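These notes concern the structure reproduced below.
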There are 2 protein chains.
Amino acid sequence: MAAGATRRTYHHGALRDALLAGARELLAERGAEGFSLNELARRVGVSSAAPYRHFADREALLSALRDEGYDAFGAAQRAAAAQATDPADRIIRLVAAYLSFAEENNAIFGMMFRYWSWAEVRPDTFAPLVDAVTEAQEAGFLPAGQSATTLARTIWCTVHGLTTLRLTGGLTKLGLDAPTDQLIRDTFAAILRDPTG
Amino acid sequence: MAAGATRRTYHHGALRDALLAGARELLAERGAEGFSLNELARRVGVSSAAPYRHFADREALLSALRDEGYDAFGAAQRAAAAQATDPADRIIRLVAAYLSFAEENNAIFGMMFRYWSWAEVRPDTFAPLVDAVTEAQEAGFLPAGQSATTLARTIWCTVHGLTTLRLTGGLTKLGLDAPTDQLIRDTFAAILRDPTG
DNA sequence: ACCTGAACACCGTTCAAGT
DNA sequence: ACCTGAACACCGTTCAAGT
């Protein structure tokens, strides 16, 4: 699909978009550390200097992908929240959406949340989770003794740890893996309570 | 300290150890992705081909550092557990030790737990945590409804998420950071219960 | 305005040759 | 046995020159 997909003449016209599209592909194949700007240029069919017309450097291109990533992540979180039937279900769905976003966008997720950066993160990225926690507290699924942001932070830490430890193979390596649904249920059983109990 | 610290003659005698020591330094300065074998060779005062007498490749050298890292981590966990006064305190101390190990060994921690690998992880790395959870269940600090390994997995996910989100600056970026002690207390308040309550 | 070609200093890695 | 020197294919990045 990438082989020889080059305009014979001179250049593209829409090189910037072609670079971004190629970068998404290449990133998925090679991961963040294996990602090479020269390889990208070769695939897109331009000289290795051409990308510098559109991006200041390698980091700037990756930064643009992170930016898209935060958008997509926010949309996925909101979509998950919208499908919920009750406050506890909403939290579980947000958690499940977190995990599956990371699964489907491994390299980009890594760049967004795992190492450096945070430069492009949206301040409202976790608004859906904080809202869900507030509701869950009111409905008695979560204790009222802590602020919603504190509890949301705890849940964020838990789901983030679960996600990274699972995707990097750590859970499997230590014999702690389980099917996704069960993993989520068992993990948040320690935090979410039954309001009728 | 690294400048010109070179035997004038030929070579070292103990190049392998010199490489490992230099690598620990360089890794702390440059991080895992910035770590260069050529730069290491220059610092240690040998040709860029010399390290290949002692390590198959760049990865093999980093792998040796990960190996040391798991040892040091295990020792730190056991030391923390030994100081505890009760089962809940023991869990909090293990969590605090996890965080401070990551803080003091940022790059190595990243290579051990954050990205790839897991190849060198000790199967008993989390034995201290599982033991502490078992005790905490018996003492009523943790619910008895789940197995100790399941609960330990949850706690591991939470502390791991807390650690990575904090060290990468994510908590600060989203206005969720707090002093270490309070952060740990607030986070695990949602999981640990008062057995007298 | 947008891209190429050639160049720079750097990588990781290999291998014949030196001591 | 252990290391050097020189080389290879690759990086990211710069810049004069082309259209």
Side-chain angles (χ1 to χ4, degrees), chain A residues 2-27 29-66 107 111 115-117 119, chain B residues 2-27 29-66 107 111 115-117 119:
Chain A
T6 312
R7 309 296 184 285
R8 280 299 90 211
T9 57
Y10 197 38
H11 60 275
H12 267 252
L15 181 54
R16 197 192 138 92
D17 288 343
L19 287 169
L20 286 172
R24 278 186 287 264
E25 248 185 57
L26 190 55
L27 199 60
E29 286 177 41
R30 301 256 188 277
E33 18 267 358
F35 177 85
S36 149
L37 217 49
N38 284 7
E39 186 176 5
L40 175 61
R42 251 178 273 127
R43 285 198 182 194
V44 171
V46 292
S47 80
S48 65
Y52 290 88
R53 258 323 108 184
H54 300 277
F55 299 96
D57 53 23
R58 193 191 114 114
E59 252 307 289
L61 202 164
L62 293 178
S63 171
L65 293 183
R66 268 190 301 246
M111 293 197 306
Y115 333 171
W116 356 277
S117 110
Chain B
T6 312
R7 309 296 184 283
R8 280 301 88 213
T9 57
Y10 197 38
H11 60 276
H12 266 254
L15 181 53
R16 197 193 138 91
D17 288 343
L19 287 170
L20 286 171
R24 277 186 287 266
E25 248 184 58
L26 190 55
L27 199 59
E29 286 177 42
R30 300 256 189 278
E33 19 268 357
F35 177 85
S36 148
L37 216 49
N38 284 7
E39 185 176 8
L40 175 60
R42 251 178 274 127
R43 285 199 182 194
V44 171
V46 291
S47 78
S48 65
Y52 290 88
R53 258 324 107 182
H54 300 277
F55 299 96
D57 52 23
R58 193 191 115 114
E59 252 307 289
L61 202 163
L62 293 179
S63 171
L65 292 183
R66 268 191 301 248
M111 293 196 306
Y115 335 173
W116 357 277
S117 111

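Hydrogens, waters and symmetry mates are skipped; everything else that's a heavy atom, side chains included, is used. Since this is a predicted model, take the numbers as computed values, not measurements. Each chain gets a letter, A, B and so on, in the order its sequence line appears, and its residues count up from 1.
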Set of residues satisfying side chain to side chain donor-acceptor pair (under 3.5 Å) with respect to A/S36, sequence neighbours excluded: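 By the side chain to side chain donor-acceptor pair (under 3.5 Å) rule, A/S36 matches no residue at all.
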
Partners meeting side chain to side chain donor-acceptor pair (under 3.5 Å) with A/S47 (sequence neighbours left out): none

Report the residues that fulfil salt bridge (Lys or Arg N to Asp or Glu O under 4.0 Å) with [X], sequence neighbours left out, ordered by chain and then residue number.
| X | answer |
| --- | --- |
| B/R53 | none |
| A/R24 | A/E68 |
| B/R30 | B/E39 |

Residues that B/A23 engages under side chain to side chain contact (heavy atoms under 4.5 Å, CB included), provided they are two or more places apart: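 Once residues adjacent in sequence are excluded, the partners of B/A23 under the side chain to side chain contact (heavy atoms under 4.5 Å, CB included) criterion are B/F35, B/L40, B/L61, B/L65.
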
Side chain to side chain contact (heavy atoms under 4.5 Å, CB included) partners of B/A60, counting only residues at least two apart: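 Listed in chain order: B/F55, B/A56, B/D57.
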
Watson-Crick or G-U pairs under 3.5 Å in DNA chain C, rendered as dot-bracket with [ ] for crossing pairs and | for another strand: ||.|||||...|||||.||

When the distance from [atom1] of [X] to [atom2] of [N] is rounded to whole Å, what number comes out?
| X | N | atom1 | atom2 | result |
| --- | --- | --- | --- | --- |
| A/H54 | C/dC2 | NE2 | P | 7 Å |
| B/R53 | C/dA17 | CZ | P | 15 Å |
| A/L15 | C/dT4 | CG | C1' | 12 Å |

Least distance between heavy atoms, A/R66 atom then A/M111 atom: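 For A/R66 and A/M111, the tightest heavy-atom pair comes out as CD-O, 3.2 Å.
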
Provide a list of protein-nucleic acid N or O atom pairs under 3.5 angstrom, restricted to nucleotides 9-12 of chain C.
from: C/dC11; atom 1: OP1; to: B/S36; atom 2: OG; distance (Å): 3.4
from: C/dC11; atom 1: OP1; to: B/R42; atom 2: NH2; distance (Å): 3.4
from: C/dC11; atom 1: OP2; to: B/R42; atom 2: NH2; distance (Å): 2.5
from: C/dC11; atom 1: O5'; to: B/S36; atom 2: OG; distance (Å): 3.2
from: C/dG12; atom 1: OP1; to: B/L37; atom 2: N; distance (Å): 2.9
from: C/dG12; atom 1: OP2; to: B/S36; atom 2: OG; distance (Å): 3.3
from: C/dG12; atom 1: OP2; to: B/L37; atom 2: N; distance (Å): 3.0
from: C/dG12; atom 1: OP2; to: B/N38; atom 2: N; distance (Å): 2.9
from: C/dG12; atom 1: OP2; to: B/N38; atom 2: OD1; distance (Å): 3.4
from: C/dG12; atom 1: N7; to: B/N38; atom 2: ND2; distance (Å): 3.4

